[in-house]
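Working notes, beginning with the structure itself.
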Number of protein chains: 2
Amino acid sequence: MQYIEIKDSIVEQIGSGVLKAGQKLPSERQLSESFGTTRVTLREALSILEANGMIFREDRRGWFIASPRVCVPVNQFRELSEFIPDSLSYQCELVSADTTMASKAINDIMALPPFSKIHSVDLIHKINDRPVGFVTYWIAEAVCTDLIRQLETRCDLLNIMSPVLDLLEHSKQISVMVKGLEGEIAVKLRATAGTPCLFERRILYQEEQVAFVETTYWRHDSVQLI
Amino acid sequence: MQYIEIKDSIVEQIGSGVLKAGQKLPSERQLSESFGTTRVTLREALSILEANGMIFREDRRGWFIASPRVCVPVNQFRELSEFIPDSLSYQCELVSADTTMASKAINDIMALPPFSKIHSVDLIHKINDRPVGFVTYWIAEAVCTDLIRQLETRCDLLNIMSPVLDLLEHSKQISVMVKGLEGEIAVKLRATAGTPCLFERRILYQEEQVAFVETTYWRHDSVQLI
DNA sequence: CAGTGGTCTAGACCACGGA
DNA sequence: CCGTGGTCTAGACCACTGC
């Protein structure tokens, strides 16, 4: 199995420090020539490293060396920024935020009464300018009437909502699994369709009713849930 | 993108009930011919379905339709058997169990005093006769001196240790991430090297010392952590 | 033993990223 | 506009599974 040797060779280069976090690998054609093989076989080797989170791909941009995973708390509702080591930069990008009638997809999870309105917010976590997490919030309007306006000037949604979240904390439901990225979310995370990712969903209840849903797709090389 | 159409076509077949959970797909050569394409492109489509946990691969055995994910509690130390729906069968297979001096790999995590002995136990969770989880336990000998002997007749380790675990529960450390399967574990889970899996580690402390380490590699299509 | 999946070759074209 | 990664073709051989 030639691709195992290629993989090991690249692992060694990373371990020895010749290849550093964030650095771009040479082009697939160059690499396959260096290893005396074809692109198909080379890509097999890269896929294994990708599955292990040692390298990652940005769609049509190439392959890069991954940084060590950032720890993300799954049981606390705290801003990700608090968990980023000083050596890395962090930025949160607001993708969209508005208040609308619940769609079918939302109602499948929230089971709201007819004509309920919810806040729907999408945002992206960026570490060292790389998008690593795509988050969607669905929040019953009554829970935080002023949310959208506040997001116009800041995007630390969990901070904004922290008083509310503290109240709801007692009945939460968390779910974590692996999913493949698809569609808009894949594009926003600069991933190709089908890239496996870590999927996390947190639901908070208020009087038996779903009040708060957070859904995050994490680039799996970037985070570790704690 | 031809492989997207192929993927969608298979998704539809699964949705419509023509393909049922556990069922084997036709051979890659047959499928690629039906779709009028090559094996490479067909495998691209299958890989996306695999990343989404809709189908899974058993090394050299073929492709199968996945069952819905089983919920696995990550915050409680309860036997998996309690969480298996009645429609599925569950079995726990003891791979190895013995008491030895801690190796380097173990000490990197447990940081034990010199010459400490630990119980080292490997076991496999099987659902419907399919191995879906490979678990390794490292347990300080003093914590449960009689463990190995008890495992000779039963393999519900968490039940056996439940009184101890209840005592240690107050200081636990949990970590979840995606990893690629490799080596013996890949073989035992009938997976090919590099298959992404859900990796879970739970550590319990006793008086600032690591007393209990549980490491699980889950086939990602099979489980959802809650 | 037949057929399968795993691995590999040697090309090709296209759309997109970045200069 | 060049080079890149994404996609695809049409084969091939081998080791293993399951009969």
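Within every chain, numbering begins at 1; the chains are lettered A, B, ... in the order of the sequence lines, protein sequences first and strands thereafter. Values in this document were obtained by computation on a predicted structure and should not be read as measured data.
- Within the structure, a side-chain polar atom (N or O) of B:Arg61 is placed less than 4.0 Å from OP1 or OP2 of D:dG18.
- If you take CD of B:Gln30 and P of C:dT4, they are 6 Å apart, rounded to a whole angstrom.
- Under the ring pair (Phe, Tyr, Trp, His ring centres under 6.0 Å) criterion, A:Phe134 pairs with no residue, sequence neighbours left out.
- Qualifying side chain to side chain donor-acceptor pair (under 3.5 Å) partners for A:Lys104, counting only residues two or more places apart in sequence or in other chains: A:Asp108.
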Hey, can you pull the donor-acceptor pairs under 3.5 Å for the side chains in residues 59-67 of chain B, sequence neighbours left out?
| residue | atom | partner | partner atom | Å |
| --- | --- | --- | --- | --- |
| B:Trp63 | NE1 | B:Glu28 | OE2 | 2.9 |

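- To the nearest angstrom, C1' of D:dG5 lies 16 Å from CZ of A:Arg190.
- Of the candidates A:Arg219, A:Arg43, A:Arg57, A:Glu50 forms a salt bridge (charged side-chain N to carboxylate O under 4.0 Å, His left out) with just one, namely A:Arg57.
- With sequence neighbours left out, A:Tyr3 forms a ring pair (Phe, Tyr, Trp, His ring centres under 6.0 Å) with no residue at all.
- To the nearest angstrom, C1' of D:dG6 lies 16 Å from NZ of B:Lys7.
- Among pairs with a residue in residues 117-126 of chain B, those fulfilling side chain to side chain donor-acceptor pair (under 3.5 Å) read B:Tyr90-B:His125, B:Glu93-B:Lys126, B:Thr99-B:His119, B:Asp122-B:Thr136, at least two apart in sequence or across chains.
- Between the side chains of B:Arg130 and B:Ser222, at least one donor N or O lies within less than 3.5 Å of an accepting N or O.
- The 5' end of DNA chain C is approached more closely, in terms of each residue's nearest nucleotide, by B:Glu28 than by the other of B:Glu28 and A:Ile4.
- What separates CZ of B:Phe64 from P of C:dT4 is a distance of 13 Å, to the nearest Å.
- We find that CD of A:Glu44 is positioned 16 Å from P of C:dG5, with the value rounded to whole Å.
- When the nucleotides D:dG6, D:dT17, C:dC8 are ranked by their closest atom to the side chain of A:Met1, C:dC8 comes out on top.
- Computed from coordinates, the A:Glu5 CD to C:dT7 C1' distance equals 13 Å when rounded to whole Å.
- Here C:dT4 presents its P atom at 11 Å from CG of B:Leu31, a figure rounded to the nearest Å.
- Contacts of residues 126-134 of chain B with DNA chain C (heavy atom under 4.0 Å): none.
- Rounded to whole Å, the distance from CD1 on A:Ile48 to P on C:dT7 is 8 Å.
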For residues 179-186 of chain A, run the donor-acceptor check on the side chains, cut-off 3.5 Å, and write out each pair with its distance to 0.1 Å, sequence neighbours left out.
| residue | atom | partner | partner atom | Å |
| --- | --- | --- | --- | --- |
| A:Glu182 | OE1 | B:Asn52 | ND2 | 3.3 |
| A:Glu182 | OE2 | B:Lys7 | NZ | 2.7 |
| A:Glu184 | OE2 | A:Lys188 | NZ | 3.3 |

Could you list, one pair per line, each protein nitrogen or oxygen that sits under 3.5 Å from a nitrogen or oxygen of nucleotides 9-15 of chain D, together with the distance?
| residue | atom | partner | partner atom | Å |
| --- | --- | --- | --- | --- |
| D:dT9 | OP2 | B:Thr37 | OG1 | 2.5 |
| D:dT9 | OP2 | B:Thr38 | N | 3.4 |
| D:dT9 | OP2 | B:Thr38 | OG1 | 3.2 |
| D:dT9 | OP2 | B:Thr41 | OG1 | 3.0 |

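- Taking the centre and axis of the six-membered ring of B:Phe77, the NZ or CZ atom of B:Arg202 falls inside the cone set by 45° and 6.0 Å.
- Under the rule for a side chain to side chain donor-acceptor pair (under 3.5 Å), the partners of A:Glu82 that lie at least two apart in sequence or sit in another chain are A:Arg78.
- In terms of phosphate contacts, A:Ser27 brings no side-chain nitrogen or oxygen within less than 4.0 Å of OP1 or OP2 of D:dG3.
- Listed nucleotides: C:dC8, C:dG5, D:dG6. Nearest to the side chain of A:Asp59: D:dG6.
- You'll find that the side chain of B:Arg43 is closest to C:dG6, out of D:dG6, C:dG6, C:dC8.
- The side chain of A:Tyr3 places no N or O atom within less than 4.0 Å of a non-bridging phosphate oxygen (OP1 or OP2) of C:dC8.
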